[in-house]
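Sequential numbering from 1 along the given sequence is applied to the chain's residues. Note that the coordinates shown come from a computational prediction; the quantities given were computed from them, not determined experimentally.
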Amino acid sequence: MRNAFLWLCLTLAAVAAPASPAPAPSKIVRIPVRVNSGKTPDANSFQATLDQKTAKVVGVLTPDDPQMLLVVLDLSGDLAVIDAAKAAVSAEIAKLPASTYVGLLRAQDGLAVLVDPTADRSLVTSAIAGLTVSGRPGLLEALEPVERLADSISQKAEVRVGVLFITDSNVREYREDFTNPVINSSDPHDLSRRFPEALIQEKISKLQTLFAQYRTPFHVVQLANHGDRLNEAYDNGLRQLVESMAGTMGLCRSQGEIAEQIDRAFHAVCSEYALLVALPGRAKDTVQVQVSAGDLPLMYRARLMVKEK
């Protein structure tokens, strides 16, 4: 991952130069924003407050500006489902504008870079087509390092950064056991009987606490509907985590929904804005955020960690 990270930073520095002079980086906070409607706001209409203090918006990166898109595949189940997902992802990548660089990663058995960020669509789609299905689900383990990487890219270059996970993960197949087995089979009051989903809920809660330090929204498409109580808790917890980061989650109830859900996810991640906002004086480590663009409905993190360097 280290070499891939350095390559990402060098690529972005060459692709995306700041459009205009900006204040010192230590006084700037990046706020990813998504417009939750079909309307397009004027970039000059964005306003922001941090801890109820007016903050100057010194720059706005729009969907017309360059983007680095990190696509992370976590595929280990039904081959028919995976083939449908591969085709849908490749079709969406082919539609991306030339200013979008795509990096392809794999989550199973440790996060690995399959294709370094590139504008060459054929390299990415060929890697997707040739991806072998093996290993166990790795989505939960991949979330934090990918978020760390995405935030690092954002700090290195003035470019929009998007993250999209495509997964068919079954919580019962993880290397870490989330099944919360019954501790005392003879005790009808054993809480593990009543709350078999407690371990996955605890895992999601820990990730939410950890992710308070990150800013990049991420989006997830869950390809498989496993249908049992534990996987329902897993999917609900994952949705809660995604939405806390101002991202989106699509859950495919059938194979026929895969292309539609992947199309929605690509639209969401590619339509994100990034506001560059000057901190109004000395700020606390974490600030309350409010953003507006006229009367348009916006999605963004309500609280951000903004430690000054």
- Message: With a 4.5 Å cut-off on side-chain heavy-atom distances among I, L, V, M, F, W and Y, is there a chain of contacts connecting Met68 to Leu149?
- Response: yes

- Query: Which heavy atom of Pro137 sits nearest a heavy atom of Ser169, and at what distance?
  - Reply: CB-CB, 3.7 Å

- When rounded to the nearest 0.5 Å, the distance separating CD1 of Ile31 from CZ of Arg215 is 8.5 Å

- Gln52 side-chain N/O to Thr49 backbone N/O, donor-acceptor pair under 3.5 Å: no

- Item | Under-4.0 Å salt bridge between Arg30 and Asp151 | no

- Correct closest heavy-atom pair for Glu197 and Ala233 would be CB-CB, 3.4 Å

- Message: Quick one about Thr118 and Asp120 (side-chain donor to acceptor, distance below 3.5 Å, no hydrogens or angles considered), yes or no?
- Response: no

- Can a donor-acceptor pair be found between the side chains of Gln288 and Asp51 at a distance below 3.5 Å? no

- Indicate yes or no: at least one non-hydrogen side-chain atom of Arg106 is less than 4.5 angstrom from one of Thr132. yes

- Message: Looking at every non-hydrogen atom in both residues, tell me the closest pair between Gly135 and Asp109 and how far apart they are.
- Response: CA-OD2, 3.5 Å

- Short question: side chain of Ser205, backbone of Gln201 - any donor-acceptor pair under 3.5 Å? no

- Item | Leu164-Val242 co-clustered via ILVMFWY side chain contacts under 4.5 Å | no

- Query: Hey, is the main chain of Leu123 close enough, under 3.5 Å, to the side chain of Ser126 for a donor-acceptor pair?
  - Reply: no

- Query: Rounded to the nearest 0.5 Å, how far apart are CG of Asn236 and CD1 of Ile200?
  - Reply: 11.0 Å

- Task: Could you point out which residue of Leu139, Leu111, Leu143 forms a side chain to side chain contact (heavy atoms under 4.5 Å, CB included) with Val72?
- Result: Leu111

- Message: I'd like to know if Glu141 pairs up with Arg175 as an ion pair, taking the criterion as any Lys NZ or Arg NE/NH1/NH2 lying under 4.0 Å from an Asp or Glu carboxylate oxygen.
- Response: no

- Task: Please report the closest heavy-atom contact between Gln261 and Leu251, naming both atoms and the distance.
- Result: NE2-O, 3.8 Å

- Item | Any donor-acceptor N/O pair, Ser45 side chain to Pro41 backbone, under 3.5 Å | no

- Message: Looking at Glu232 and Gly227, would you say the former's side chain and the latter's main chain have a donor-acceptor pair under 3.5 Å?
- Response: no

- Quick one: which residue pairs count as a side chain to side chain donor-acceptor pair (under 3.5 Å) with a foot in residues 74-90, not counting sequence neighbours? Asp74-Thr167

- Taking atom types as modelled, is there a side-chain donor on Gln47 or Gln290 under 3.5 Å from an acceptor on the other? no

- Item | Any donor-acceptor pair under 3.5 Å from His219 side chain to Arg264 backbone | no

- Query: Is the closest basic N to carboxylate O distance between Arg160 and Glu272 below 4.0 Å?
  - Reply: no

- Salt-bridge criterion met for Glu92 and Lys95 (N-O under 4.0 Å): yes

- Query: How many angstroms lie between CG in Asn231 and CD in Gln222, if you round to the nearest 0.5 Å?
  - Reply: 7.5 Å

- Provide the closest heavy-atom pair for Val221 versus Cys252 in the form atom of the first, atom of the second, distance. CG1-SG, 4.0 Å

- Message: Parallel, tilted or perpendicular, judged at 30° and 60°: which one describes the rings of Tyr234 and Tyr174?
- Response: perpendicular

- Determine whether Val89 and Val146 fall in the same hydrophobic cluster, where Ile, Leu, Val, Met, Phe, Trp and Tyr are linked whenever their side-chain heavy atoms lie under 4.5 Å apart. no

- Return the minimal non-hydrogen interatomic distance between Asp65 and Val60, and the atom names on each side. OD2-O, 3.9 Å

- Spacing of Leu230 atom CG and Asp235 atom CG [to the nearest 0.5 Å]: 10.0 Å

- Glu144 and Tyr214 side chains, donor-acceptor separation under 3.5 Å: yes

- Message: Is there a path of hydrophobic side-chain contacts, each under 4.5 Å between heavy atoms of I/L/V/M/F/W/Y residues, joining Val163 to Val159?
- Response: yes

- Atom CD of Gln208 and atom CD of Gln240: how far apart are they, to the nearest 0.5 Å? 4.5 Å

- CG-CD1 distance between Leu104 and Ile93, expressed to the nearest 0.5 angstrom: 6.5 Å

